Amino acid sequence: MGQSPVITTPHMSMPRLGLGTWPLKGAEGQAAVESALGLGYRHVDTAEMYGNEVEVGAAIRASGVARGDIFLTTKVWFDKPDGPRFRAAALACLDRLATPYVDLLLVHWPSPQLDLPSVLEALEALRQGGQARAVGVSNFPPGLLRQALNLKITPLACLQVEHHVLLDQSALLSITGPAGMVLTSYTPLGKGKAAEGPEIASIAARHGVTPAQVALAYLLAKGDVSAIPKAASPTRQKENLGALDVTLTAADIAALDALPKGRRLVDPDFAPDWAA
Ligand SMILES: NC(=O)c1ccc[n+]([C@@H]2O[C@H](COP(=O)([O-])OP(=O)(O)OC[C@H]3O[C@@H](n4cnc5c(N)ncnc54)[C@H](OP(=O)(O)O)[C@@H]3O)[C@@H](O)[C@H]2O)c1
C-alpha cells in the first residue's frame, strides 16, 4: 500500500486521504496519529477545539516523518469572529502544535457575529507571513462561500464540510471546482453509517473490499475531493488507506449516486442555515 496520492490546485498540494483526529486525545490520541503516519498517512486534520494539538504535534515529531512531508490542517473556533482574535488564536495553535506553520488554516464554523472581511484579512496576513501555507473555511453554506470568494481578500484553497454517500454536496462542489478549491469531506464514513446498507455491501463484495473502502472511494472519485476519516486503530486506519486502491465502475458510482442523500449528521445549534 503506497502513500496517499496528492491533489494539486493553484493554491496547494494536499494528500487525498487524511486522518481525522476528533475526538482522539491524550496518550491514546498521540499513539493513533503516530500509527497513521507509520502506515503512510501524510495528512492530519486537527483543530483548536479538539483539544489535541499538543498530542498531534508530539506524534508528528515522534513519528520520524519529516515535518515537510506532512500536510497539517488546523482550525480556529467560531468564538473568534474578528481578525485580531482569529490571528491570536491561530498563533496559539502553532504554539501547541510546536510548528512554525500549518499547511492549511481554516475558519472552523461561521459565527453569526462573523466579521468576514476582517477574518479573511487575518487569514491572508498569516498566509503572507508563512504561518499558514494555505487558508480556507469550513461549514460555510453556498451563499457565504460565494461571498467570501467574491471579496477576493485571500485565495481560499479549501472548503471542509460534511460529505458522505448519504449527503449530497453538489451545490458546494459546483462552487469549489470552478474556484480551484479542494472540498475536504469530513465525517466521510457518516460515523460508520455510510458504510451500512445492501447497495454498498454488494459493491464491496463484487470488488472484494470492505464497505468503508467503497464509501471512501466514492468520495475520492469526485474530482478535487479529499477525505479525512477518523480511525483509532491501526487496523481501520490501514483499511481506510486501502480505499485509495479501489476503483469503482461508472455503474457503481451511479448506484451510489442514487442513494437518498439527505442525512446530515453534524448539525449543532450554532450551525448556519445550510441552504443559505
Ligand atoms: N470541520 C468540522 O466542523 C468537522 C466536523 C466533524 C468532523 N471533522 C473532522 O472529520 C474527521 C472525521 O469525521 P468523524 O470522526 O465525525 O466521522 P467518520 O470519520 O465518518 O467516522 C468515524 C467513526 O467511524 C469509525 N470507523 C473508522 N474507520 C472505520 C471503518 N473502516 N469501518 C467502520 N467504521 C470505521 C470510527 O471508529 P474507530 O475510531 O473506533 O475505528 C469512528 O467511530 C474528524 O475526526 C475531524 O477531524 C470536522
Side-chain angles (χ1 to χ4, degrees), residues 1 14-15 17-26 28-29 31-33 35-36 39 41 43-53 55-56 59 71-79 93 97 102 104-111 135-141 145 158-167 169 172 182-197 200-201 204 209-220 225-246 263-272 274:
M1 194 180 304
M14 172 193 266
L17 197 87
L19 180 76
T21 67
W22 167 256
L24 297 168
K25 267 198 190 178
E28 205 185 325
V33 176
S35 140
L39 288 167
Y41 283 77
H43 170 177
V44 180
D45 181 82
T46 182
E48 175 190 22
M49 193 279 278
Y50 299 173
N52 64 10
E53 289 173 308
E55 293 93 317
V56 168
F71 189 99
L72 177 60
T73 301
T74 198
K75 322 180 195 79
V76 169
W77 195 235
F78 69 80
D79 59 351
C93 292
L97 289 161
V102 285
L104 181 63
L105 176 65
L106 301 177
V107 180
H108 203 151
W109 286 86
S111 141
V135 298
V137 297
S138 179
N139 296 303
F140 273 35
L145 180 60
C158 181
L159 170 71
Q160 186 180 122
V161 284
E162 179 176 347
H163 183 214
H164 45 71
V165 72
L166 302 175
L167 183 67
Q169 289 294 21
L172 288 168
V182 174
L183 186 144
T184 297
S185 312
Y186 79 62
T187 314
L189 296 168
K191 299 184 185 288
K193 292 186 177 60
E196 292 168 1
I200 287 237
V209 301
T210 69
Q213 288 175 326
V214 171
L216 293 172
Y218 172 72
L219 299 176
L220 301 178
V225 171
S226 62
I228 47 169
K230 174 260 174 183
S233 70
T235 309
R236 279 184 166 173
Q237 291 174 353
K238 197 169 171 186
E239 175 184 344
N240 295 342
L241 203 56
L244 292 164
D245 300 325
V246 177
R263 189 126 185 225
R264 190 181 289 281
L265 299 167
V266 181
D267 198 12
D269 53 9
F270 53 78
W274 295 111

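Everything numeric in this text was worked out from a predicted model, so none of it was measured. Both ligands and their constituent atoms are indexed starting at 1 by order of listing.
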Interatomic spacing from SG in Cys93 to CD in Glu48 - rounded to 0.5 Å: 5.0 Å
Residue-ligand contact Lys75/ligand 1, heavy atom below 4.0 Å: yes
N/O donor-acceptor pair under 3.5 Å between Asn240 side chain and Ala231 backbone: no
Part of Pro188 within contact of ligand 1 (heavy atoms, under 4.0 Å): both
Test item: Asn139 side-chain N/O and Val161 main-chain N/O as donor-acceptor pair under 3.5 Å: no
For atom 31 (N) of ligand 1, the option (of Asn139, Asn240, Asn52) bearing the nearest heavy atom: Asn240
Any Ser233 heavy atom less than 4.0 Å from ligand 1: no
Shortest protein heavy-atom distance from atom 5 (C) of ligand 1, along with the residue and atom involved: Tyr186 CE1, 3.2 Å
Under 3.5 Å side-chain donor-acceptor pair for Thr46 and Glu53: no
Geometric class of the Tyr50/Trp22 ring pair [parallel <30°, tilted 30-60°, perpendicular >60°]: tilted
Top protein contact for atom 47 (O) of ligand 1, by heavy-atom distance: Asp45 OD2, 2.7 Å
Whether Ala195 lies under 4.0 Å from ligand 1, heavy atom: no
Check: Thr74 and Leu97 side chains under 4.5 Å, non-hydrogen atoms: yes
Ligand 1-proximal atoms of Ser138, by part, heavy-atom distance under 4.0 Å: side chain
Salt bridge (charged side-chain N to carboxylate O under 4.0 Å, His left out) between Asp45 and Lys230, worked out: CA-CA 9 Å; Asp45 181 82; Lys230 174 260 174 183; over 6 Å; no
Distance from atom 20 (O) of ligand 1 to nearest protein heavy atom, with residue and atom: Leu189 N, 2.8 Å
Lys238, Lys230, Gln237, His108: member with heavy atom nearest to atom 27 (C) of ligand 1: Lys230
Interfacing atoms of ligand 1 (cut-off 4.0 Å, heavy-atom, Ala232): 38 (P), 39 (O), 41 (O)
Atom 21 (O) of ligand 1 [closest protein heavy-atom partner, distance rounded to 0.1 Å]: Lys191 CA, 3.2 Å
Polar side-chain atom of His43 near backbone of Pro15 as donor-acceptor pair, under 3.5 Å: yes
Side-chain heavy atoms of Glu55 within contact of Leu24, under 4.5 Å: no
Option nearest atom 41 (O) of ligand 1 (shortest heavy-atom distance, choices Gln160, Arg236, Glu196): Arg236
Which residue and heavy atom of the protein sit nearest atom 11 (C) of ligand 1, plus the separation: Ile228 O, 3.2 Å
Heavy-atom donor-acceptor pair, Ser138 side chain to Gln160 backbone, under 3.5 Å: yes
Spatial distance of atom CG (Asp79) from atom CH2 (Trp109) [nearest 0.5 Å]: 14.0 Å
Nearest protein heavy atom with distance in Å, relative to atom 46 (C) of ligand 1: Tyr50 OH, 3.3 Å
Atom 43 (O) of ligand 1 protein-contacted (non-hydrogen atom, under 4.0 angstrom): no
Selected option - heavy-atom contact closest to atom 17 (O) of ligand 1, from Val44, Thr187, Leu24, Val107: Thr187
Proximity of Ala212 to ligand 1 by residue part, where a heavy atom lies under 4.0 Å: side chain
